[in-house]
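Report on the structure given below.
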Amino acid sequence: MVDTGRGSTGVDRYAGASILDRFRAHPAGNVIIVFLVFLAVCVIISLLYPSDFRFTQPANIRILMRAIPPLGIMALGVGLLMICGEFDLSVGAVFIVAPYIMVFAYVNDVPLALAILAGMASGMTIGLINGVITTRFGIPSFITTLGMLFMLRAFARIIANNRPLSFFPPDGFEDALTGRLGTHMQAQFLWFLGIAGVCYLFLNRHRLGNHFFAAGGNREAALSVGINVVRTKLLAFVLCSGLATFAGIISTTRINSATSTPVLYLELEAIAICVIGGLALAGGRGAIVGIVVGTFILQMVKDVIILAKLPGFYLDMFIGIVIVFGVVLNQLARKKY
């Protein structure tokens, strides 16, 4: 049997363990506990000091509802790829370039549906190129996608000439992607939850999900049971770039503008979310719920830094700590469970 790394490969594995130990053994168990504690602390402080720390104010909740989905959707794609044992450092550039191609096509009288198709196809093609170079030539994905990151940033500047494009699609399209639903709920938040649900079903209810875990957890064992590891990783690269593209389209639609200016550290934030969510950097272990909760935590940390009027470099320090110590904790967890 191939150990998929889901934390449930044997009935006897947790024999005699308490409910709490079983919960913590889940890839997302610890992060859920951290999230609940962090949320409780933020709410309590906000209730004690409502004028100084506006965490529970409706305006702040709406800001969180808008900010979480794009980063979370991108992190879902990065997480799927990490479970396969690979990385994509180019997703931050894909987030910018593919939507710019969509808007460029739209403002040049291409029908919206075809413009969206062009944007999605361009982003997924980038993922396919990353996957082919990595799997066919044996180049580490870190190197492949780092090179692609710089190439895409330069390409974006060339095609855009440092000039943003306004994007005003039909109201129905904009409402469907980014409209407000009720007092606090945002349409993009529902997209995030929906995509997370599909990713969960894919990983846990479809045989390809088992292939993802096996390809990242034990390549030799996966090959021995007939799993096409190369094809599996290619699919993961394409899904990763496709979700980064869709996240970029949501962001572009919300601000009604496409730009060639890169969002710094976006790809590192996505990786940090996955590490927070309990995904192993070596691959083969992780859970979608961990990525979702990890997105909440990182965005809440950003929010707390802003509300507390702290310098922005505190976020950089937090991301660095998460990546370094998250790896250590992941390794300890794998040895223990």
Decide if atom [atom1] of [X] counts as having more than 12 heavy atoms of other residues, nucleotides or ligands within a radius under 6.0 Å.
X: R231; atom1: CZ; answer: no
X: F318; atom1: CZ; answer: yes
X: F173; atom1: CZ; answer: yes

Would you say [Y] ends up clustered with [X] if hydrophobic residues are merged whenever their side chains have heavy atoms under 4.5 Å apart, either directly or through other cluster members?
X: F95; Y: L152; answer: yes
X: F213; Y: V275; answer: yes
X: V97; Y: I255; answer: no
X: F237; Y: V91; answer: no
X: V41; Y: L36; answer: yes

pair [X]-[Y]: side-chain heavy atoms closer than 4.5 Å:
X: L234; Y: V238; answer: no
X: I33; Y: F38; answer: no
X: Q57; Y: R62; answer: no

After noting the C-alpha distance and the side-chain angles of T252 and S257, does the key distance pass the side chain to side chain contact (heavy atoms under 4.5 Å, CB included) rule? CA-CA 5 Å; T252 297; S257 177; over 6 Å; no

Closest approach of [X] and [Y], non-hydrogen atoms and distance?
X: A215; Y: V229; result: CB-CG1, 4.1 Å
X: G131; Y: T135; result: O-OG1, 2.7 Å
X: A270; Y: L71; result: N-CD1, 4.3 Å
X: V304; Y: C42; result: CG2-SG, 3.8 Å
X: R285; Y: I83; result: O-CG1, 4.2 Å
X: I273; Y: A75; result: CG2-CB, 3.7 Å

With Q188, which of T253, I73, I250 fulfils side-chain contact (heavy atoms from CB on, under 4.5 Å)?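 Single pass found, and it is I250.
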
Would you find a donor on one side and an acceptor on the other, under 3.5 Å apart, between the side chain of [X] and the backbone of [Y]?
X: N130; Y: T145; result: no
X: T259; Y: P164; result: no
X: W191; Y: A176; result: yes
X: N256; Y: F168; result: no

When rounded to the nearest 0.5 angstrom, what is the spacing between [atom1] in [X] and [atom2] in [Y]?
X: R54; Y: N60; atom1: CZ; atom2: CG; value: 10.0 Å
X: L177; Y: R254; atom1: CG; atom2: CZ; value: 12.0 Å
X: T56; Y: I45; atom1: OG1; atom2: CD1; value: 11.5 Å
X: L47; Y: F53; atom1: CG; atom2: CZ; value: 10.5 Å
X: L268; Y: L89; atom1: CG; atom2: CG; value: 7.0 Å
X: R180; Y: Q186; atom1: CZ; atom2: CD; value: 6.0 Å

The test is side chain to side chain contact (heavy atoms under 4.5 Å, CB included); show your working for I271 and I319 and say whether it passes. CA-CA 9 Å; I271 292 175; I319 292 174; over 6 Å; no

Sequence neighbours excluded and cut-off under 3.5 Å, please list the side-chain donor-acceptor pairs for residues 305-317, or say none.
none

Tell me which donor-acceptor pairs under 3.5 Å the side chains of residues 239-248 have, and how far apart each pair is, sequence neighbours excluded?
unit_1	atom_1	unit_2	atom_2	d
S241	OG	G127	N	3.3
T245	OG1	S241	O	2.8

Enumerate donor-acceptor pairs with a distance under 3.5 Å from any side-chain N or O in residues 117-125 to protein atoms, sequence neighbours excluded.
unit_1	atom_1	unit_2	atom_2	d
S122	OG	A118	O	3.2
S122	OG	G119	O	2.7
T125	OG1	A121	O	2.6

Yes or no on side chain to side chain contact (heavy atoms under 4.5 Å, CB included) for Y200 and R205, after CA distance, side-chain angles and deciding distance? CA-CA 8 Å; Y200 172 82; R205 297 291 185 270; 3.8 Å; yes

Evaluate the side chain to side chain contact (heavy atoms under 4.5 Å, CB included) criterion for residues L39 and V43: first the C-alpha distance (whole Å), next the side-chain angles of each, then the deciding distance (0.1 Å), finally the verdict. CA-CA 6 Å; L39 178 62; V43 170; 4.2 Å; yes

Kindly write out the residues that satisfy side chain to side chain donor-acceptor pair (under 3.5 Å) with T144, not counting sequence neighbours, or none if the list is empty.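 In terms of side chain to side chain donor-acceptor pair (under 3.5 Å), with neighbours along the sequence ignored, T144 is linked to T134.
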
Which residue pairs satisfy the side chain to side chain donor-acceptor pair (under 3.5 Å) criterion with at least one member in residues 99-109, sequence neighbours excluded?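 The answer is none; no pair qualifies.
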
Determine all donor-acceptor pairs shorter than 3.5 Å in which one atom belongs to a side chain in residues 289-301; sequence neighbours excluded.
unit_1	atom_1	unit_2	atom_2	d
T295	OG1	I291	O	2.8

Does a side chain donor of either S141 or D88 reach within less than 3.5 Å of an acceptor in the other side chain?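 No, because no side-chain N or O of S141 sits under 3.5 Å from a partner of the opposite role on D88.
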
